[in-house]
Amino acid sequence: MSYQYWSPELETMSRSDLEALQLARLREAVGWALRTTFYRERLAGVGIRESGDIASLADLRRIPYTTKQDLREGFPYGFLSVPREDVVRLHASSGTTGTPTTIYFSRDDIRRWTDNVARCIYGTGCNRSDVFQNMISYGLFTGGLGFHAGGEEVGMLVIPSGSGNTTRQFRLMRDFGTTVVHATPSFLLHVESRMKEEGVSRESIKLRKAFAGAEPYSEDTRRRIEELLKIDVYNSYGLSEMNGPGVAFECQAKDGLHLWEDRYIGEIINPDTLEPVAEGETGELVLTCLCREATPLLRYRTRDLSGFYTGPCACGRTHRRLRRITGRTDDMLIINGVNVFPSQIEEVVMAMKEVGNNYLIVIEKEGVLDRLTVKVEVGTNIFMDDTRPLNALRDKIRSTIQASITINPRVELHEGGSLPVSEGKAKRVMDNRPRDV
Ligand code: DLL
């Protein structure tokens, strides 16, 4: 396979050149950060008063972590490090608790972010001949505008369709010959489920690629989308605090997500001890943003769980690759004392051919015990009035989940298309247990 690079000199530069560039940019980022009271105080506590106090990349480890809580406490302008007049855009995430966090961008910040996203898109083999339908929400969420700008930068024809409304999505695909889409993986599965009902044949659309991200999904889910829609799916990772999409992305080797190390420094730490894990191990990803002057963030704890692959990538890029993000430290459920990540359940159900495109995890209290129910849509190859295969499937799902997480769940089978669908990030877990009992 021949690989194409957006910025060949940056993407394939030697590790020593890359580290020298990181050091120069880290100094610059520390300089931006020192303009805020928050970082001036934090960094003074560890003896960093000017960017020159960073002598080597190892000095990064002197800097205390920044957390989501810090950002919330700084709302709305605590992390702004340029004059208000130099800010041209903000994005915000409401988060699950409702307290917003805001990220500000200068014109140069937008330019750098756009270049990051363009690099990701181009690296999957897209070019000016592509028609790109951006099926994700626009607005304060970064997925819409971030990919929109990146797509235009590559020179593709960008259709700002936004998320939802599959009828309109299919019409746009047919009218304009869409070749590439961007969506959450759960929305892509929903689109696929709707095709037959809306009378859309695979031959009537020209789709060949999708960028899927903004939520965790398993390798089996990727394979399922690829096989059902007959397209290539690329995993896309990002978070608003690091601009949004464009932080790490799969290349055509599809063997991990290249973290763009000229623009971000990544570390993996043990979330309990806060010490770095051994090379290649899984832990919490900590990111330092080297490319945003208006809201600098140093050693930000993402709460996302991942690890670095060791060894080079077939594509020739030198930027290290992250493993598929399996979830967040705060996603972990404790069910009757057992630690369970929703991704463990997804890995079981999405690997089964008899299972449809949607599932839901429900946890309730029954007396003193927790009760786990997994609601699963059945695939089109199974009929809901034929009890024998249904019972067999229910038993198979139950025993495979139990083998994986040691808990015996209740399994409910549902007709395809009957479980709730979200247009944006899927809500896969309903924890109905009363709090603090
Ligand atoms: O989801 C930015 C984005 C938009 C990424 C479009 C990719 C595509 P937030 O709303 O701030 O930003 O949510 C960020 O979503 O910390 C992860 O927990 C999760 N996440 C994002 N991408 C992935 C992925 C956008 N590929 C949070 N795999 C992150 C797993 C992901 N989790």
Side-chain angles (χ1 to χ4, degrees), residues 66-68 71-72 90-103 113-114 116-117 120-121 124 132 134-151 162-163 180-188 210-222 225 233-250 254 256-260 264 266 271 282 284-287 289 292 295 297 300-307 321-332 341-343 346-347 350 422-429:
T66 303
T67 63
K68 182 116 186 160
L71 273 180
R72 289 204 176 108
L90 67 78
H91 281 281
S93 79
S94 61
T96 39
T97 65
T99 321
T101 52
T102 316
I103 300 297
W113 176 27
T114 300
N116 279 357
V117 181
C120 299
I121 292 175
T124 67
F132 172 48
N134 197 13
M135 307 197 296
I136 212 152
S137 63
Y138 281 63
L140 291 175
F141 177 60
T142 52
L145 285 171
F147 264 91
H148 185 104
S163 64
V180 187
V181 290
H182 170 220
T184 55
S186 50
F187 189 65
L188 286 174
F211 312 131
E215 65 186 13
Y217 59 116
S218 64
E219 193 55 42
D220 277 308
T221 300
R222 182 233 292 270
I225 301 170
V233 173
Y234 292 90
N235 194 353
S236 147
Y237 169 75
L239 59 162
S240 344
E241 298 91 318
M242 292 292 134
N243 295 340
V247 175
F249 219 86
E250 283 180 329
K254 286 196 203 161
L257 298 91
H258 289 281
L259 173 72
W260 299 125
Y264 302 93
T282 299
E284 178 180 343
L285 175 64
V286 171
L287 290 172
C289 189
R292 195 179 54 223
T295 319
L297 287 181
Y300 181 72
R301 290 188 58 184
T302 65
R303 296 190 279 191
D304 289 324
L305 292 166
S306 183
R321 289 159 299 143
L322 288 170
R323 285 199 295 272
R324 181 177 286 282
I325 289 89
T326 47
R328 303 168 56 80
T329 50
D330 45 4
D331 269 352
M332 193 182 74
F341 280 99
S343 58
E346 162 150 346
E347 272 162 26
M350 283 299 164
S422 159
E423 289 173 0
K425 296 180 194 248
K427 188 156 172 23
R428 299 281 195 206
V429 180

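What you see is a predicted model; the values in this text were computed from it and never measured. When a ligand or atom number is given, it counts from 1 through the structure's own listing order.
- If you look at F211 next to ligand 1, there are no close heavy atoms at all, none under 4.0 Å.
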*Run the side-chain contact (heavy atoms from CB on, under 4.5 Å) check on F249 and H258 step by step: do they pass?*
CA-CA 5 Å; F249 219 86; H258 289 281; 6.0 Å; no

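- When each atom of ligand 1 is checked for a heavy atom of D304 under 4.0 Å away, the hits are 16 (O), 17 (C), 18 (O), 29 (C).
- Look at R324 and you'll find every heavy atom at least 4.0 Å from all atoms of ligand 1.
- Considering both main-chain and side-chain atoms, Y217 never comes within under 3.5 Å of ligand 1 through any nitrogen or oxygen pair.
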*asked:* Is there a side-chain contact (heavy atoms from CB on, under 4.5 Å) between C120 and F147? Walk through the geometry before answering.
replied: CA-CA 10 Å; C120 299; F147 264 91; 6.0 Å; no

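- The CZ atom of R321 lies 12.0 Å from the CG atom of L259; values are rounded to the nearest 0.5 Å.
- For ligand 1, the atoms lying closer than 4.0 Å to a non-hydrogen atom of H182 are 6 (C), 8 (C).
- For S306 (side chain) and R323 (main-chain N/O), a donor-acceptor pair under 3.5 Å exists by modelled atom type.
- Residue S93 has no N or O atom closer than 3.5 Å to an N or O atom of ligand 1.
- For ligand 1, the polar-atom distance check against A214 finds a nitrogen or oxygen pair separated by under 3.5 Å.
- In terms of N/O distances under 3.5 Å, ligand 1 is approached by K425.
- Here the shortest heavy-atom distance to atom 21 (C) of ligand 1, taken over S306, G238, A183, G213, belongs to G238.
- Judged by distance alone, the side chains of N235 and R222 never bring a donor and an acceptor atom under 3.5 Å apart.
- Every N/O-N/O distance between T302 and ligand 1 stays at or above 3.5 Å.
- Distance CG/L297 to CZ/R292: 5.0 Å, rounded to 0.5 Å.
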*May I have the step-by-step check of side-chain contact (heavy atoms from CB on, under 4.5 Å) for V181 and L188, ending in yes or no?*
CA-CA 9 Å; V181 290; L188 286 174; 3.9 Å; yes

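- The proximity of N235 to ligand 1, defined as any non-hydrogen pair under 4.0 Å, is limited to the side chain.
- For the pair R324 and Y217, the cation sits on the ring face: its NZ or CZ lies under 6.0 Å from the ring centre, inside 45° of the axis.
- The protein non-hydrogen atom at the shortest distance from atom 11 (O) of ligand 1 is S240 OG, 2.4 Å.
- F211 has its ring centre less than 6.0 Å from the ring centre of F132.
- If you check each of A248, G143, P245, S236 against atom 26 (N) of ligand 1, the one with the closest non-hydrogen atom is S236.
- Residue contacts with ligand 1 for T142 involve side-chain atoms from C-beta outward but no N, CA, C or O (heavy atoms, distance under 4.0 Å).
- Residues S93 and T101 have side chains that bring a donor and an acceptor to within less than 3.5 angstrom of each other.
- Only the backbone of E215 comes within 4.0 Å of ligand 1, counting heavy atoms alone; no side-chain atom from C-beta on gets that close.
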